[in-house]
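Both ligands and their constituent atoms are indexed starting at 1 by order of listing. When reading the values below, keep in mind they use all heavy atoms of this one structure, side chains included, and skip hydrogens, waters and symmetry mates.
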Amino acid sequence: MHGIKRVIFSKKSRVQYIDIIETYDYGLMLILDGKVQSTIRDEHFYHEALVHPIMTAHPRPEKVLIIGGGEGATLREVLRHPTVKQVIMVDIDIDVIKCSKEYLPQLSSGAFEDKRTNLIISDGRKFVESCKEKFDVIIIDVTDPLEEGPGQFLYTVEFYEAVKRVLNDNGIMVTQATSIYYSTYCFTTIYRTIKKVFEKAGCYSTWTPAYDSMWGFVYGSKGPDPKSLSKDDIDAILNQRGLINTKYYNGKIHEKLFILPKEIEEQLEKGGIATDKSPTFMPA
Ligand code: SAM
């Protein structure tokens, strides 16, 4: 899919294959188990769309949990909200964090050194199931549900029930939810699964050039519904929080994110949900 200039780093960690390569079109690129995760040139489409719709919808996000997000760009975007007092980030693979800090420091931009950050190396599911704390916002930025992959049990109804338990009243969660085109059934299954657990649930998507697809996100809320915020509401909140130099996200983009192609909308309610016994998988 992408012309490679040179391979910068390659390793099989305890958890997955990690590659960092330099490409002609997207500059440096992080790849896990053969799948593109982030590129220097276009990562802001994905990370701003993952983080800001729910962070902005929450009236005062102070305590945030990030599961996954090893390269640190999700953490970087969360910390831009001045309301945030503490972020716990739980990633299963210390090697992704180490090599991202060394070869792709632009992605975290010092976020791991921020005194509000508490990094924990653990399986996100185990962490949530044994967690005694509660959070205002939970962002799940783990690798796609690949068969035998480390993220497969972070897309099931049992996991989302555990996530709901550690959300404060008014809390909102969001997860990346794979490609709406290449893996439509997986995307709509994640939507139906979250909808089974949360009274308010919704989905949206953004174009992500390096994934060569519209990328899906699904949220569940115990409080505000991000979709109900208008362009003007979003711009006012971004202004108030001093978040004016985003590269991609603003009120206009917020409204656009929620417009799904008709053929995808029509499939949202058709099909089953993902359970631990029968998880959903993205086609390899
Ligand atoms: N942007 C990406 C995408 O769409 O595929 C996700 C990016 S991020 C690099 C994925 C992170 O999830 C990796 O750092 C990986 O180690 C982490 N991860 C995978 N399974 C996990 C689990 N069970 N618990 C915590 N972190 C996990």
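A tilted orientation is assigned to the rings of Phe127 and Phe135, their planes being inclined by 30° to 60°. Using cut-offs of 30° and 60° for the angle between ring planes, the Phe9 and Tyr103 rings count as tilted. Relative ring orientation between Tyr249 and His254 is described as perpendicular, the plane-to-plane angle rising above 60° on a 0-90° scale split at 30° and 60°. Note: Tyr26 and His2 have perpendicular aromatic rings, judged against thresholds of 30 and 60 degrees for the angle between ring planes.
The existence of a salt bridge linking Glu102 and Lys98 is excluded, since no basic side-chain nitrogen approaches an acidic carboxylate oxygen closer than 4.0 Å. Salt-bridge annotation for Arg165 and Glu161: absent, with no side-chain N of the basic residue lying under 4.0 Å from a carboxylate O of the acidic one.
Neither the backbone nor the side chain of Arg125 has any atom closer than 4.0 Å to an atom of ligand 1 (non-hydrogen atoms only). With a 4.0 Å cut-off on non-hydrogen atoms, Phe153 does not touch ligand 1 at all.
When side chains are defined from C-beta on, Ile139 does not count as touching Thr175, because their heavy atoms never get closer than 4.5 Å.
The closest approach between Tyr211 and ligand 1 falls below 4.0 Å for a heavy atom of the residue. For Gln37, the heavy-atom gap to ligand 1 drops under 4.0 angstrom. A heavy-atom separation below 4.0 Å is found between Ser122 and ligand 1. By the 4.0 Å heavy-atom criterion, Ser38 is excluded from the residues contacting ligand 1. Residue-ligand proximity: Lys35 is placed with every non-hydrogen atom at 4.0 Å or more from ligand 1.
For the pair Glu43 (side chain) and Ser38 (backbone), a donor-acceptor distance under 3.5 Å is absent.
The protein non-hydrogen atom at the shortest distance from atom 12 (O) of ligand 1 is Val142 CA, 3.4 Å. Residue, atom and distance of the protein heavy atom nearest to atom 10 (C) of ligand 1 are Asp141 O, 3.3 Å.
Nearest to atom 19 (C) of ligand 1 by heavy atom, out of Thr143, Asp144, Ile120, is Thr143. Between Val96, Asp91, Thr74, it is Asp91 that holds the heavy atom closest to atom 15 (C) of ligand 1. Considering each of Ser13, Gly124, Gly70, the one bringing a non-hydrogen atom nearest atom 24 (N) of ligand 1 is Gly124.
Those atoms of ligand 1 that come under 4.0 Å of a heavy atom in Leu154, given as number and element, are 23 (N). Below 4.0 Å from some heavy atom of Asp123 lie the following atoms of ligand 1, by number and element: 22 (C), 23 (N), 24 (N). Interface atoms of ligand 1 facing Tyr46, defined by a heavy-atom separation under 4.0 Å, are 1 (N), 2 (C), 3 (C), 4 (O), 6 (C). Within ligand 1, counting atoms from 1 as listed, the ones closer than 4.0 Å to a heavy atom of Leu32 are 9 (C), 13 (C). Annotation for ligand 1: atoms under 4.0 Å from non-hydrogen atoms of Gly151 are 20 (N). Residue Glu71 approaches ligand 1 through these ligand atoms, each under 4.0 Å from one of its heavy atoms: 7 (C), 8 (S), 9 (C). Close approach to Gln176 involves these atoms of ligand 1, each under 4.0 Å from a residue heavy atom: 3 (C), 4 (O), 5 (O).
With Glu62 as reference, Lys85 is the one residue of Lys134, Arg116, Lys85 to meet the salt bridge (charged side-chain N to carboxylate O under 4.0 Å, His left out) rule.
Backbone and side-chain nitrogen or oxygen atoms of Ile92 are examined, and one is located within less than 3.5 angstrom of a nitrogen or oxygen of ligand 1.
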As a quick check of understanding, evaluate side-chain hydrogen bond (donor to acceptor under 3.5 Å, both in side chains) for Tyr219 and Asp225, giving each step before the final call. CA-CA 9 Å; Tyr219 63 88; Asp225 186 338; 2.6 Å; yes
Evaluate Asp93 against Ser13 for side-chain hydrogen bond (donor to acceptor under 3.5 Å, both in side chains), listing each step before the verdict. CA-CA 8 Å; Asp93 195 346; Ser13 75; 2.7 Å; yes
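In the model, Thr189 has no side-chain atom that pairs as donor or acceptor with a side-chain atom of Tyr155 under 3.5 Å.
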